[in-house]
**Q** 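This is the structure I have questions about; it appears just below.
Along the sequence shown, the residues carry numbers beginning at 1. Computed over heavy atoms, backbone and side chain alike; hydrogens, waters and symmetry mates excluded.
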Amino acid sequence: VQLQASGGGLVQAGGSLRLSCAASGRTFSTYTMGWFRQAPGKEREFVAAISWSGVSTYYTDSVKGRFTISRDNTKNTVYLQMNSLKPEDTAVYFCAAGTNPKIAFSHVVAGAGGPLDAWGQGTLVTVSS
């Protein structure tokens with residue numbers, strides 16, 4: 001599977017952005033999908049995830065209530081709506097897919113996204129104060 005993330009940019013604090021991640025292939029609807037971010041000088045952080053059906057979602061504490069992950073399986077695309085952005089949200093954001101259908105969503109969350117095995121290139125989000 002190939003993943004293409006887009007939608008990053010420069011935004012003022014309090015603003016919003018929507019990231020998109022388009023996937024190739026015919027089995028997107030079976031994938032757990034996730035978003036990670038990595039700020040300069042910091043470790044990669046697991047931000048959000050969504051189950052193949054969209055019923056289950058996960059958010060790291062720092063983005064709860066501000067970010068929303070969603071997916072459109074008819075378009076092979078997962079989204080990350082980011083509202084009330086803060087300077088500390090500045091990072092390169094990556095999307096990832098779990099292509100092994102035997103790995104449950106709960107295991108993806110418990111593993112902090114580790115079981116996600118396909119990665120796209122990042123998109124830079126910069127939030128100015």
Side-chain angles (χ1 to χ4, degrees):
V1 60
Q2 292 185 329
L3 305 173
Q4 180 76 35
S6 62
L10 174 64
V11 63
Q12 289 188 331
S16 298
L17 282 174
R18 188 176 81 156
L19 305 183
S20 299
C21 176
S24 65
R26 300 179 179 179
T27 54
F28 173 81
S29 61
T30 67
Y31 301 158
T32 292
M33 297 296 297
W35 287 95
F36 294 78
R37 65 186 179 186
Q38 188 163 21
K42 295 188 176 181
E43 292 187 354
R44 187 182 70 192
E45 179 183 22
F46 183 39
V47 175
I50 188 167
S51 62
W52 65 270
S53 65
V55 170
S56 299
T57 57
Y58 160 83
Y59 300 95
T60 193
D61 285 347
S62 61
V63 308
K64 283 180 181 177
R66 300 189 299 121
F67 290 13
T68 302
I69 189 170
S70 62
R71 67 190 297 158
D72 186 339
N73 287 343
T74 67
K75 296 182 178 180
N76 281 15
T77 302
V78 63
Y79 304 98
L80 187 67
Q81 178 67 43
M82 306 185 296
N83 298 329
S84 302
L85 282 162
K86 305 175 181 180
E88 52 264 43
D89 295 318
T90 294
V92 177
Y93 284 71
F94 301 86
C95 61
T99 62
N100 185 346
K102 296 182 180 180
I103 297 178
F105 179 77
S106 58
H107 291 172
V108 172
V109 172
L116 300 180
D117 57 350
W119 291 79
Q121 94 297 347
T123 186
L124 176 63
V125 172
T126 303
V127 184
S128 63
S129 58

**Q** Any side-chain donor-acceptor pair under 3.5 Å between Thr77 and Asp72?
**A** no
**Q** Taking Arg71 for its side chain and Ser51 for its backbone only, find out whether a donor-acceptor pair lies under 3.5 Å.
**A** yes
**Q** Please determine if Asp89 and Lys86 form a salt bridge, counting it only when a charged side-chain N lies under 4.0 Å from a carboxylate O.
**A** no
**Q** Going by salt bridge (Lys or Arg N to Asp or Glu O under 4.0 Å), name the residues that satisfy it together with Arg44, two or more places apart in sequence or in a different chain.
**A** none
**Q** Kindly indicate, with the supporting measurements, whether the criterion side-chain contact (heavy atoms from CB on, under 4.5 Å) is fulfilled by Phe67 and Leu80.
**A** CA-CA 7 Å; Phe67 290 13; Leu80 187 67; 4.1 Å; yes
**Q** Using a 3.5 Å distance criterion without hydrogens, assess whether the side chain of Asn73 forms a donor-acceptor pair with backbone atoms of Ser53.
**A** no
**Q** Enumerate the ring-ring contact (aromatic ring centres under 6.0 Å, His included) contacts for residues 92-129, please, sequence neighbours excluded, ordered by first and then second residue.
**A** Phe36-Trp119
**Q** With sequence neighbours left out, what residues match Tyr59 under ring pair (Phe, Tyr, Trp, His ring centres under 6.0 Å)?
**A** none
**Q** A quick test of your reading: do over 12 heavy atoms of other residues, nucleotides or ligands sit less than 6.0 Å from CD of Gln81?
**A** yes
**Q** Just by modelled atom types, is the Ser84 backbone N or O under 3.5 Å from a matching donor or acceptor in the Arg66 side chain?
**A** yes
**Q** Between CZ of Phe28 and CG of Leu3, what distance do you get to the nearest 0.5 Å?
**A** 8.5 Å
**Q** At what distance, to the nearest 0.5 angstrom, does CG of Leu124 lie from CZ of Arg37?
**A** 13.0 Å
